[in-house]
Amino acid sequence: MKILRNRSAHPAAYERRGAALLLSLLILLVLVAIVIQLNVSTGTDARMARNDVTLTMMDLAAESAILQELETLKTDAESDSSSGGAPGAPAAAGTPTAPTPAGGAGAAGAGSQPASSDSRRDEWASPQRTEINEIKLRIVVVDEDSKYNVLNMLNPDQKEADAAFDRVVRILDLCRDGTDSDIDQTTAEDMAKAMRDHMTKRKQSKLPRPKLLTDLPKNEDQGLPLSMREFMPLEPFEDSHFKDFRDSNGLVVHSITSFLTVWTSIGSAPAAAGANTSGGAAGAGTGNTPTNGNGANNATNKNSTTNTDGTKPNDSTSPQTNNGASGGAAAASGQGSAAGGAAGASGAGTVTGGYGVNVNTAPVAVLHGLLDSRDVPSRFWDKLVEWRNLEDEDEKEKAKQQQAESSSPAPEEQLDEYGEPMIKRQFFDTLQKLSDVDGYSDLPAEQQAKINQLLTTQSSVFSIYVVARKSTSVDTTADLGLTPAEQRKREETRGDTLLRVVHAVYWRHKDGQDTTMTPIVRWEVLDYLPYEVLDFPPDDR
């Protein structure tokens, strides 16, 4: 027979057994928590590592896309050069086309060979889509010459400077019209004043001022911005002014940088001492020291100043690149000729301010803002936009005739980014074609001359936007069967993708017989999704 022990005889022993059990359970719980924490942290680190690898792959894919677009831009320039034009060549302010007649900047003279032109018919102007290593890329190229250069407000001719100021105000007032983020006229005037004061009263600015090649020793109070975003810290600018987004009604609100720029006046110093390579801004330097028409410091001045691209000039014959600052405006405020940067632009002794806007690609707000509606009716600009969006009937008939005369198959249609056929629209190969626009012939000769001075058909500075997407979803068929509008909206709203937006700016110019692409902004990661400025945005955009 087994004898049962009495618990009351040894109570402490039983209490110790219970404490040991609880302690064991606590230790087990701590170990489980440690294992879970290690598992979570390891998984997080692994995901972060994969994301880092993916971002690196996206950067490499974006770099590849940028290089491809640079080749496209070079090919476009070379094809134009072979046809007799000289696209991308640095020109004086207001003289973007050649030859320049005495009657107005940029207008082709009677009987002259048409200059090359850049328009939305060019291959670079059509957004492209591609895929590299499961990374979807969308590439959009925007010519900076479609925008108005705010550095025109530094024109030495006060009348022209005031006219440029008014243009900037009108463009700011129009660029977001109809959206929740509309800029009223009073705010637009304050923004234009802030930009002008920042450029003309830099010694009073609280912002740090870098040493640039465009600095003038005898005008230390002037400083040229390297980009539009340099104005962001100023009142009344806001961060949202420099981003594209949708308002509460779903309407696209564009950044002011889609309409204004500081990059279209890019240039390099003359290679030879005392050379004046552009001819438009000569005489704006001091004494017998001429400056380049696009405004870099004269190459004869040996110094240790660091260029804006990080390099240093070695000697008097080294070309110096002025990235992002207007040489015409820099030279224009010098102590030399009162005509300054744009006197040679018109050929008639008038100061135009220069940096013509590309009539083929300029947004509607820019065109409407160039001249007061009392001088040039708004309906003329509407007719101009309508004209450049009509199908080119001559090109259509020419293609039909070539197909009828030849037994070869019809040429392939140019497709858009979604694989849909693109309409070949009309464009201005010369400013003489402005006479085809309804209402142009009715304008007084003085107004026609003003229009010709402010417009061009060429572009030389280009912004390249690359939007890279990498899906993190296991469902790879979600986009199949969607219309272009549905696909755009899905891309904007879906949260299962890694997104990378890269921006680069390049200057296309001739270097001897070769076309050179010089970086102004080599690489910039944006924190917003860019939208193209369309003449007639679709309702389902």
Establish, from distance only, whether the side-chain atoms of [X] and [Y] form a donor-acceptor pair under 3.5 Å.
X	Y	answer
S248	D180	yes
Q158	D162	yes
T72	E123	no
E144	S463	yes
H509	T518	yes

Does any part of the side chain of [Y], heavy atoms only, come nearer than 4.5 Å to the side chain of [X], both counted from C-beta?
X	Y	value
P225	L151	yes
V501	Y528	no
S459	T264	no
I520	Y506	no
F242	F237	yes
F380	L367	no
F245	S240	yes
V357	L454	no

Side-chain ([X]) to main-chain ([Y]) donor-acceptor, under 3.5 angstrom:
X	Y	value
W263	L226	yes
D145	N358	no
R500	D59	no
Q426	W387	yes
S146	D143	yes
D215	L212	yes
K147	T257	yes
D244	Y531	yes
N152	A164	no
D182	T179	no

Side chain to side chain contact (heavy atoms under 4.5 Å, CB included) assessment of D118 paired with T457
CA-CA 6 Å; D118 294 286; T457 59; over 6 Å; no
Supply the atom-to-atom distance [X] [atom1] to [Y] [atom2], rounded to the nearest 0.5 angstrom.
X	Y	atom1	atom2	value
I171	M191	CD1	CE	12.0 Å
R120	T361	CZ	OG1	6.5 Å
E524	R229	CD	CZ	6.0 Å
I139	I464	CD1	CD1	10.0 Å
Q458	F428	CD	CZ	15.5 Å
K433	S117	NZ	OG	8.5 Å

In chain order, what residues pass the side chain to side chain donor-acceptor pair (under 3.5 Å) check against [X], with sequence neighbours excluded?
X	answer
D122	W124
Q185	none
D221	none

Once you measure the plane-to-plane angle for H503 and Y465, does it fall in the parallel (<30°), tilted (30-60°) or perpendicular (>60°) bin?
parallel
Regarding [X] and [Y], does a basic nitrogen lie under 4.0 Å from an acidic carboxylate oxygen?
X	Y	result
R508	E69	no
R374	D372	yes
K243	E238	no
R388	D535	yes
R121	D76	no
R138	E532	yes

Given the rule in the side chain to side chain contact (heavy atoms under 4.5 Å, CB included) test, do H368 and R170 qualify, once you have shown the distances and angles that lead to the verdict?
CA-CA 8 Å; H368 277 265; R170 287 194 294 266; over 6 Å; no
For F462 together with W507, are the ring centres under 6.0 Å from each other?
no
Between T516 and K510, is a side chain to side chain contact (heavy atoms under 4.5 Å, CB included) present by the stated rule, with each step listed?
CA-CA 6 Å; T516 301; K510 300 293 290 185; over 6 Å; no
So V359 and L384, side chain to side chain contact (heavy atoms under 4.5 Å, CB included) or not? Walk me through it.
CA-CA 9 Å; V359 65; L384 187 151; 3.8 Å; yes
Give a yes/no verdict on a cation-pi contact between R196 and F165, requiring under 6.0 Å between NZ or CZ and the six-membered ring centre and an angle within 45° of the axis.
yes
